[in-house]
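Each chain gets a letter, A, B and so on, in the order the sequences are listed, and its residues count up from 1. For clarity, every value in this text was computed on a predicted model and none was experimentally measured.
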Protein chains: 2
Amino acid sequence: MSAISSLVDHEQILDSAQACPAESASQNLHIKALLSKYPALTEDADAACWNMLNQAKLMTVPADTVLFHEAMECKHLMLIVKGQVRVYKDSPEGREVTLYRVEPGQLCVHNLNNLVNGLAYPIMAQTETDMQGLVIPRPIFHKTLEESASFRTYVLRTLTERLSHMVDLVSGFAFDRLDLRIACWLNHEFEKGCGKPIKITHSELAQELGTTREMVSRILKEFEHKRCVQLARGKIHLQCRHTLKLVSQGQGKK
Amino acid sequence: MSAISSLVDHEQILDSAQACPAESASQNLHIKALLSKYPALTEDADAACWNMLNQAKLMTVPADTVLFHEAMECKHLMLIVKGQVRVYKDSPEGREVTLYRVEPGQLCVHNLNNLVNGLAYPIMAQTETDMQGLVIPRPIFHKTLEESASFRTYVLRTLTERLSHMVDLVSGFAFDRLDLRIACWLNHEFEKGCGKPIKITHSELAQELGTTREMVSRILKEFEHKRCVQLARGKIHLQCRHTLKLVSQGQGKK
DNA sequence: CTTGCTATGTAACCTAAGTTACAGAAATTT
DNA sequence: AAATTTCTGTAACTTAGGTTACATAGCAAG
């Protein structure tokens with residue numbers, strides 16, 4: 001079991017949040033700074049959208065907090081300003097798969113699902129780092145959806161993008177061998193971090209991809225033998241980008 | 001390979017469609033009849049939504065027509081009136097998984113993705129039966145999204161529902177054994193058809209679930225031995241609902 | 001009735017993935 | 001420094017799923 005602190009009640013979080021009351025237009029600058037990672041949202045934002053953002057409350061959540069879980073209803077939409085949230089599904093046998101990560105510039109679409117359809121969905125979300133987010137109460141969310149074209153576009157885009165991402169996940173599970181999936185994941189991470197070593201343990205990577213620690217250890221060792229990566233405790237170093245790419249494309253199958 | 005007729009160009013389809021020009025308010029009745037399976041769309045439809053529906057063209061597509069495919073852009077939204085469309089993903093090795101089916105009352109969310117984000121997504125869609133649909137050109141779709149609250153709600157709902165469905169798919173692949181997935185699928189189909197025999201071949205069922213014909217044959221035979229079902233050429237008969245349910249819940253594992 | 005096509009059955013085999021069960025290394029705490 | 005916890009490595013084994021390779025059955029057209 002990974003380190004999980006206590007489940008936090010949303011209301012409590014809100015009460016203890018550093019409230020930013022809705023105020024003048026100069027407020028926009030402050031909010032805009034917070035949302036610097038949300039160009040898709042703020043760049044063409046109309047008045048209704050700014051109105052919503054100005055009513056949002058900034059809140060801080062420590063790392064490893066469970067934000068919502070199986071069958072929990074959410075009362076707010078959250079725009080993440082700093083930090084990241086992992087959204088995952090767990091199995092009765094104690095395994096996990098990461099569905100996606102919510103980072104600054106994105107919103108949790110299952111949170112959305114909840115707000116739009118009113119039904120809770122058995123899925124988990126947990127902060128991986130200390131997190132700051134802007135909390136938008138449900139009624140304001142709905143009102144803004146009515147009034148703001150720019151917010152609507154943003155929401156629709158996000159939803160459809162996640163959907164495409166989900167299809168990729170499905171097709172990975174259905175068609176790709178585990179070593180390919182791991183190689184792709186590594187590739188992607190190294191790309192994102194410009195080749196910086198990835199900080200992750202084997203069992204975390206297993207939870208990421210819905211498999212077991214032993215499988216990950218085994219396959220990573222293979223990769224090390226092929227000289228794509230170099231392993232260290234809690235870290236994976238990139239050795240040869242090219243070889244890794246080949247492996248992730250199914251070349252050099254064995 | 002299943003029977004696939006030729007790929008049809010959308011423009012051509014439209015030209016040969018039985019056009020229903022936008023007209024008076026009496027037209028509403030006609031459209032409403034066509035959309036009887038879309039209560040979520042028509043019940044609370046506002047004027048802007050009706051306006052869109054009245055501009056839609058009714059079109060007919062024969063069975064086994066490829067509606068869109070890898071990297072094809074779509075220029076219209078389609079509301080299905082009669083028949084069904086299978087949306088699936090295929091692998092380089094020639095396997096397939098069904099992602100979902102679009103039936104009357106629903107719309108193809110990948111079609112949506114395309115319309116909203118403007119980018120094509122590598123996915124396939126094909127009519128399984130003769131189909132009738134209302135075609136809404138892209139500009140009208142966007143305009144209505146702006147103007148009609150009821151249409152927006154409908155679109156958002158559909159999207160988030162599909163998303164939940166995708167999570168179920170992922171979690172099935174990640175955690176459930178093939179026999180469970182088959183049992184669940186059968187269960188669901190029998191439920192839908194009130195116990196009527198399911199018309200499907202083993203290799204179609206394999207394409208449904210992203211596996212191979214031999215696996216399906218093997219597992220269905222097991223089920224027959226357990227007396228949940230009875231097999232016939234191209235058909236699966238329900239024998240004991242209770243036993244099937246047990247199997248689909250992972251009871252009677254072996 | 002024969003030919004041919006499609007669907008199913010099945011055995012033998014192979015391979016990917018998961019499991020069990022440790023051992024030992026690296027970090028962290030006491 | 002010793003003790004403890006957290007990671008990693010790995011071998012042996014099991015099982016699920018996929019593959020190959022046929023055999024046979026049902027159906028349909030000529």
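Under 4.0 Å is where a charged nitrogen must lie from a carboxylate oxygen, and between B/K245 and B/E191 at least one such pair does. At a threshold of 4.0 Å, the pair A/E103-A/R86 does not count as salt-bridged, since none of the basic side-chain nitrogens sits closer than that to a carboxylate oxygen.
Taking the six-membered ring where tryptophan is involved, the planes of A/Y100 and A/H110 are essentially parallel, since the angle between them stays under 30° and well short of 60°. Aromatic ring pairs are classed by plane angle as parallel below 30°, tilted from 30° to 60° and perpendicular above 60°; the pair B/F173 and A/F173 is parallel.
With no hydrogens or angles considered, a side-chain donor-acceptor pair links B/N113 and A/S164 at under 3.5 Å. Under the 3.5 Å distance criterion, with hydrogens and angles disregarded, a donor-acceptor pair is assigned to the side chains of A/Q106 and A/R162.
At whole-Å resolution of the value, CZ in B/R177 and P in C/dA17 are 17 Å apart. The interatomic distance linking B/D179 (CG) with D/dA16 (C1') rounds to 9 Å, in whole Å. The interatomic distance linking A/D176 (CG) with D/dG17 (C1') rounds to 16 Å, in whole Å. Atom-to-atom, CG of B/L205 to P of C/dG9 comes out at 13 Å; the value is rounded to the nearest Å. The NZ-C1' distance, from A/K235 to C/dA26, rounds to 12 Å in whole Å.
Under the rule for a side chain to side chain donor-acceptor pair (under 3.5 Å), the partners of A/Q84 that lie at least two apart in sequence or sit in another chain are A/E128.
Residue B/A232 is in sugar-phosphate contact alone, with no base atom involved, counting any heavy-atom pair closer than 4.0 Å across all strands shown.
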Review point. Going 5' to 3' along nucleotides 18-27 of chain D, which nucleotides have protein heavy atoms under 4.0 Å from the base (write B), which only from the sugar-phosphate (write S), and which from neither (write -)?
Key: BBB----BBS
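Contacts between residues 166-173 of chain A and DNA chain C, defined by a heavy-atom separation under 4.0 Å, are absent.
Put simply, B/H202 has no side-chain N or O that comes within less than 4.0 Å of OP1 or OP2 on C/dA7.
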